[in-house]
*Asks:* 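My questions all concern the structure below.
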Amino acid sequence: MNFYEEQVVKLERRIKKIEENPDETRMASNKLRYQMQLDHAKEKLQAWQEGKIFYSGGTGAYLGNLIQAMGFISGGADEAMFASTRAQAEDYLNQARAKGFPVDQSCDMVMMPMAVFESGNVPIQDMAICDNHACTAMCMRYILISHMYPEHNIPFYNIDVGFEEDEANLEHVVEQLQGFIEFCEKKFPGKIKYDEEKLKKIHAAQERDKKYSLEMYEMLKNRPTPIAGKDSHMIGFSSMYPEMSMARLKELRERVKNGVAAVPNEKLRVIWTVTNPVFMDVYKVLAKWGIAVLFQYTGPSRRTIPMPEPVYYGGRELTPLEKEAANYISELWQGRASKWIEGLIWAARDLKVDAVINYEMLGCAATLGLSKLTEIEVERELGIPVFQLEGSQWNSEYASEAQITEKLDEIAQTLLSQKGLL
Amino acid sequence: MEDRLKGLIEGNSEANRTRWAMEWKKQGGKVIGVVSSYVPEEAIWAAGMLPFRLTGTWKDNVENARVYRCLSTGGYGTHVLESMLRGELDFLDGIVFADQDQDLLRLWDVMLHLKKPSFCHAMHIPFFESEHNNLFLRDEIRRFISSLEDFGGITVTEEALRSSIDTYNDMRSILSRIYELRKKQTPPLSGAEVMGIVTAAQVMPRDEFNRELEALLPYLEERQTNLNLVHPRLLLSSEFLDNPAYIDLIEEGCLVAMDDMDTGSSYFDKAVDTTLEDPAYALAERYLSHHGLPRMLHWDKQVEQILKWIDEYNIDGVLNLALMWSHPQIIRRIYLENKLGEAGIPYLFIEREYYLANVGQLRTRIGAFLEMLA
């Protein structure tokens, strides 16, 4: 079975399980999310069978709107990676190692998709973008793909992004996006065509979804919080499924009204940063101590929190392509430390959290050098602790579930003790 | 002459490397630390300041830097920070970074936090060459020059920039002639000595370096050496490798006859085009199109150049001595290995620490590789 066929089976099974045995601690609207993901997997499977034009890149979260407005179908190795089971992930990691990809010497999140790509479980992309929007390793991964597979003849387009948020960088990216459109239209005549009206509609839909997302974000301020742990990942990532956002919002309003807690006996609230070990449920470990993880602070978080945006373009109305470019350079991992830290302090203050857990992901060039600065600045500005937790995203050999659990238990006890709650 | 040569070869040794910088400061000049060979040093030299490539401590103890940089960050940045925190770089008036690797940007962030030194500038270097990117980098260079002007209370004229470019082009030309000598069956310099010279160029006043090396060229052309071995001949690929002890170790069993390094060929490859109207544009064009380090997009061109060198320098094998957690080198490895394999060139990849470490293990692995070449 290829990835999309597997997804169909998996999601159908998951929906059935929810229907038969609902988990009271999770949101009921997740069922709708799975249903939509199921439809989505079926659509992609069909598109693959029909030979439609697939796009993949490290830029899915950033250029997704533009790609959609041009008529591409997004998909590929990253999508399959994030849907992997633990056993599949280990299998992919071993395959990547066997083929000589530096899983353990670089970043496993960046290297694992190489094995997915080679497995044939996802369509070979018809178009790929190589860019440096997030981190060195991600950029290198796409350079590697662009050189390693001449047999697939994948057209690549390269986008360079500066690290400063200023007009010069905005202009720099916009011009390249224009070049990208031109390049793709020539490459896929009659199949790919930039539709600015469509992009405007996507932006309008996103604005609407952002309002839903912000309302959800505001609900995090309730004590106890109605949303935490795995469910908190969905804040800010709702634009693909507006119906689900609406359904979830209604459910959350009910929860707030009835004082339903996402974490029973909530005692303390924390923000989790960077990424997490996806082979285990870290939130459950903390929840058993009454600690709720309210919010995941990651590279794209600036678009999720209601922090005032820096207006480096003079406050004028941006064109649709400029909006895309601004989105690109709002990425927090790619910029200066101050960009990352200021956003985190803003969210931590706004949500009145008791601590931050900073996940030090093995080999993460974007964030490892920020750990201590984050700790110093957050403690200085807010007087709350930042706990450092080491691990990788997929590779449980580096820091195992047992080791991470032990460390989280320690963190929980320290924090509760500091607050006189132990 | 041999003593003068030794003076250059040992220019970046722990004992000597700050000698010229201190003298420069005595004369009232400013010294600007350079982190990455992608920093267009010509701008600093044109501002009347001394560009000084930062070498980190070669000692293993980095307890002060470890506070800010965990084990899986790049060793070069960690050791530079350690030197900074120990006060060994207190003479610097400023530091300039280029985002050769994101890890270096994070080092910049720490330096900004420490407010040490007061002038701390970072530049974005596009990761491939195009007309559009040349223009972007030109503007980055202009901004860098402006910040140097503000910092130094000076004006950098176009004439000064052109003159600086000429000095650097002279340096590139002389170093190229040294590299030509490496093609000889018995070259006048070992690989470690060549790296000593290139890294000396990165800390000395560039005009003084040029004069000194130019004066030594006739001697070098005739120099009889006591090289351990002149065969097999290796090409060494690495980044942030500035400790000649590593090359001494390798040369226990071979000759390092050519390199693909930022402290070697990449530093001086390709002159700036002085016929172009805008010197800042000419600099941008050179920095994006010279033999690139693996952080640059066009790996095919990089490998093409390496294969050309293999032919020109009569190379028997390639040793890729990558710095741990240096993502560009580590991720390019598989492509380089495949391409060299297709060309029938033996290749060995080893990860290393920044300071000289794991000597026994290195000796064993390199020894086995050299045995295979023999």
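Here is how names work: the chains are called A, B, and so on, in the same order as the sequence lines, proteins then strands, and each is numbered from 1.
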*Asks:* A/Arg141 and B/Ile331: which non-hydrogen atoms are nearest, and at how many Å?
*Replies:* N-CG2, 4.5 Å

*Asks:* Tabulate, in ascending numerical order, the residues of residues 167-178 of chain A having at least one heavy atom closer than 4.5 Å to a heavy atom of chain B, or enter 'none'.
*Replies:* A/Ala168, A/Asn169, A/His172, A/Glu175, A/Gln176

*Asks:* Given that the side chain runs from C-beta out, which part of A/Ser371 has a heavy atom under 4.5 Å from chain B: side chain, backbone, both or neither?
*Replies:* neither

*Asks:* At a heavy-atom separation under 4.5 Å, does A/Leu373 approach chain B through its side chain, its backbone, both, or neither?
*Replies:* side chain

*Asks:* Considering only heavy atoms, which portion of A/Phe156 lies under 4.5 Å from any heavy atom of chain B: side chain, backbone, both, or neither?
*Replies:* neither

*Asks:* Would you say A/His147's side chain and B/Arg332's backbone share a donor-acceptor pair under 3.5 angstrom?
*Replies:* no

*Asks:* Could you list which of residues 375-397 of chain A have a heavy atom closer than 4.5 Å to any heavy atom of chain B, in residue-number order?
*Replies:* A/Ile376, A/Glu377

*Asks:* Is a donor from one side chain sitting under 3.5 angstrom from an acceptor on the other, for A/Asp160 and B/His124?
*Replies:* yes

*Asks:* For A/Asp166, is it the side chain, the backbone, both or neither that has a heavy atom under 4.5 Å from a heavy atom of chain B?
*Replies:* side chain

*Asks:* What parts of residues 72-81 of chain B touch chain A if we use heavy atoms and a cut-off under 4.5 Å?
*Replies:* B/Ser72, B/Thr73

*Asks:* Checking the side chain of A/Gln334 only, and the main-chain atoms of B/Gln102 only, is there a donor and an acceptor separated by less than 3.5 Å?
*Replies:* no

*Asks:* Where does B/Met296 contact chain A at under 4.5 Å (heavy atoms): side chain, backbone, both or neither?
*Replies:* backbone

*Asks:* For B/Ile330 and A/Pro102, which heavy atoms make the closest approach, and how far apart are they?
*Replies:* CG2-CB, 3.4 Å

*Asks:* Non-hydrogen atoms of chain B under 4.5 Å away: do they reach the side chain of A/Ile159, the backbone, both or neither?
*Replies:* backbone

*Asks:* In terms of heavy-atom proximity below 4.5 Å to chain A, should B/Tyr68 be classed as side chain, backbone, both, or neither?
*Replies:* both

*Asks:* Would you please go through residues 143-151 of chain B and name the residues with a non-hydrogen atom below 4.5 Å from one of chain A, in numerical order?
*Replies:* B/Arg143

*Asks:* If you compare all heavy atoms of B/Leu297 against all heavy atoms of A/Cys130, which two are closest, and at what distance to 0.1 Å?
*Replies:* CD1-SG, 3.9 Å

*Asks:* Measure across A/Met140 and B/Pro294 and return the closest heavy-atom pair with its distance rounded to 0.1 Å.
*Replies:* SD-O, 3.6 Å

*Asks:* Is any side-chain heavy atom of A/Leu368 closer than 4.5 Å to a side-chain heavy atom of B/Trp325?
*Replies:* no

*Asks:* Check each atom of B/Glu140 against the heavy atoms of chain A and say whether the ones under 4.5 Å are side chain, backbone, both or neither.
*Replies:* neither

